[in-house]
Amino acid sequence: MTTRAGPVAALDIGGTSIAAALVDGAGAVRHRQQRPTPAAGSAADVLAAVTDALAPLTRHPLWPDAQALGIGSAGPVDSRAGTVSPVKISAWRDFPLVDAVRAAMGGLPVTLTGDGVAPAAAEDAHGAARGLDHALCPVVSTGMGGGPILDGHVHPGPTGNAGHIGHLSVDLDGPRCPCGGHGCLEGVASGPAIARRARAAGWRPGPGGDATAAGVAAAARAGDPLARAACHLAARPLPAGIAATAVLTEIRAAVIGGGVARAGDVLLAPLRQELERYAALPFARGVAVLPAGLGTDAGLVGAAAARASPRTFLARGAAGN
């Protein structure tokens, strides 16, 4: 296992953007690059965007000290095989990402995990989950992911996908999800879903206003009744998923990250109220709902932490390549 003396290179691959960075042992992003994801392009197009994001890192003064590279990728991923099949990147199916990145980076050791587990590793190592032994770290943004902390370790599962709460079915008769399931949590509680619900209820941003979930949250904080109602409605499905996780694993905290979580108590307060309603069994009650401590770079910090930290999933035997 590598030590934490030198920086770790990190990749955060999503359906919208690809970010690369050098991250030091304290979890600070020292150099960052970002490129749009050509999600509708060929497999080669997406890989070219990855290598284009990584290339400037190799010219940074810290690069000679880089010890390894961690990847947090949209999934499903297979950390054992080093492959990825992101739902929103159709050209990548069982794509050998670890081999491709290792070859592009001169043989640097590479570790792969899912983009829900990576932020959990970040929060565990440097953020709001630090010191928590039993927690779930949902990420609520354009999509929805998550990672569990069990018995004091980030737990990725055998393939790096554990805790992917966004694809729990909360409506058995709900719409078909791009993943192939029906009524997935991501479809009703992600950022775009919140904005859709608000618009369906009649809410509209002002001239030139923000029509996304962030705009809905801002309007709710300003007292707009339609926006507030949409936030309360959006705060119902996620607690159901958290409560189900508490029943299965006895988590004691949910650390909420992602862009939607930055809405603060306008969403977290009704979420806490609904969680009390769904978590009925005594051992599932009292789950603390905490805002994540890290911001938009949590995926990068987590990809690096997952490679470097002894408290992360490497202690559980996930593949390091």
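Hydrogens, waters and symmetry mates are skipped; everything else that's a heavy atom, side chains included, is used.
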Hey, what do you get for CZ (Arg35) to CD1 (Ile18), rounding to the nearest 0.5 Å?
9.5 Å

Is there side-chain contact between Ile251 and Ile242, with at least one heavy-atom pair below 4.5 Å?
yes

Point-to-point distance, once rounded to the nearest 0.5 Å, from CG of Leu226 to CG of Asp224
5.5 Å

Below 4.0 angstrom, N of the basic side chain to O of the carboxylate: do Arg272 and Asp265 qualify?
yes

Residues Val23 and Ala10: closest non-hydrogen pair is CG2-CB, 4.2 Å

Should Val29 and Leu294 be counted in the same cluster of Ile, Leu, Val, Met, Phe, Trp and Tyr side chains packed under 4.5 Å apart?
yes

If you define the side chain from C-beta out and look only at heavy atoms, does anything of Thr249 sit under 4.5 Å from His134?
no

Minimum heavy-atom separation for Gly299 and Ala118, please, with both atom names.
O-CB, 3.8 Å

Is the shortest heavy-atom distance from the side chain of Asp133 to the side chain of Asp151 under 4.5 Å?
no

To the closest 0.5 Å, what do you measure between CG (Leu136) and CG (Leu248)?
11.0 Å

Main-chain N/O of Ala26 paired to His126 side chain as donor or acceptor, under 3.5 Å
yes

Counting N and O atoms only, with roles assigned by atom type, does the side chain of Asp45 sit under 3.5 Å from a partner on the main chain of Ser42, one being a donor and the other an acceptor?
yes

Under the 3.5 angstrom rule, does the side chain of Arg285 hit a backbone N or O of Glu276 as a donor-acceptor pair?
no

When you measure from the side chain of Asp297 to the backbone N and O of Leu300, does any donor-acceptor pair fall under 3.5 Å?
no

Where the side chain of Asn161 meets the backbone of Val77, is there a donor-acceptor pair that is under 3.5 Å apart?
yes

Excluding sequence neighbours, so at least two apart, what forms salt bridge (charged side-chain N to carboxylate O under 4.0 Å, His left out) with Arg196?
none

Would you kindly confirm whether Leu62 and Leu54 end up in one hydrophobic cluster when ILVMFWY residues are joined by side chain heavy atoms under 4.5 Å apart?
yes

Taking every non-hydrogen atom, the tightest pair across Trp203 and Asp210:
CH2-O, 3.4 Å

I'd like to know if Val301 and Val255 are part of one continuous hydrophobic network [Ile/Leu/Val/Met/Phe/Trp/Tyr, side-chain heavy atoms within less than 4.5 Å].
no

Do Thr37 side-chain atoms and Ser17 backbone N/O form a donor-acceptor pair below 3.5 Å?
yes

Report whether Val247 and Leu150 are members of the same hydrophobic cluster (ILVMFWY, side-chain heavy atoms less than 4.5 Å apart, transitive linking).
no

How far does CD1 of Ile256 sit from CG of Leu267, to the nearest 0.5 angstrom?
10.0 Å

For Arg204, the salt bridge (charged side-chain N to carboxylate O under 4.0 Å, His left out) test, sequence neighbours excluded, returns none

If you look at every heavy atom in Thr51 and Ala104, which pair is closest and at what distance?
CG2-CB, 3.9 Å

Does Thr111 use its side chain to pair, donor to acceptor, with the backbone of Gly70 at less than 3.5 Å?
no

From Leu112 atom CG to Leu11 atom CG, the distance as rounded to the nearest 0.5 Å:
10.0 Å

Here the pair of heavy atoms bringing Glu123 nearest to Cys137 is CB-SG, 4.4 Å

Using the side chain to side chain contact (heavy atoms under 4.5 Å, CB included) rule, take Val117 and Val154 through it: C-alpha gap first, then chi angles, then the decisive distance, then the call.
CA-CA 7 Å; Val117 173; Val154 177; 3.7 Å; yes

N-O pairing of Arg130 and Asp124 below 4.0 Å:
no

Output for pair (Ile71 CD1, Ser79 OG), nearest 0.5 Å, gives 11.5 Å

Would you say that His60 contacts Leu22 through its side chain, given a criterion of any heavy-atom pair below 4.5 Å between the two side chains?
yes

Is a side-chain N or O of Ser73 found less than 3.5 angstrom from the main chain of Gly75, in a donor-acceptor match?
no

Tell me whether Ile165 shares a hydrophobic cluster with Leu268, the cluster being built from Ile, Leu, Val, Met, Phe, Trp, Tyr side chains joined at under 4.5 Å.
yes

With a 4.5 Å limit on heavy-atom distance, are the side chains of Leu69 and Val8 in contact?
no

For Arg176 and Gly180, indicate whether the former's side chain and the latter's backbone hold a donor-acceptor pair under 3.5 Å.
yes

Decide yes or no on side chain to side chain contact (heavy atoms under 4.5 Å, CB included) for Val287 and Arg252, but give the supporting numbers first.
CA-CA 5 Å; Val287 174; Arg252 304 311 308 146; 4.2 Å; yes

Below 4.5 Å, heavy atoms only, C-beta onward: do Trp92 and Val87 meet side chain to side chain?
no

Closest contact, heavy atoms only, Ala39 versus Gly15:
CB-O, 3.7 Å

For Ala284, does its backbone N or O pair with a side-chain atom of Glu250 as donor and acceptor, under 3.5 Å?
no

So, do His167 and Cys177 sit near enough that their side-chain heavy atoms are less than 4.5 Å apart?
yes

If you apply the rule side chain to side chain contact (heavy atoms under 4.5 Å, CB included), what do you find for Leu238 with Leu275, and how did you get there?
CA-CA 8 Å; Leu238 181 55; Leu275 183 56; over 6 Å; no

Assess whether side chain to side chain contact (heavy atoms under 4.5 Å, CB included) is satisfied between Asp78 and Val84, documenting all intermediate values.
CA-CA 6 Å; Asp78 188 333; Val84 298; over 6 Å; no

Is any side-chain heavy atom of Thr142 closer than 4.5 Å to one of Pro192?
yes

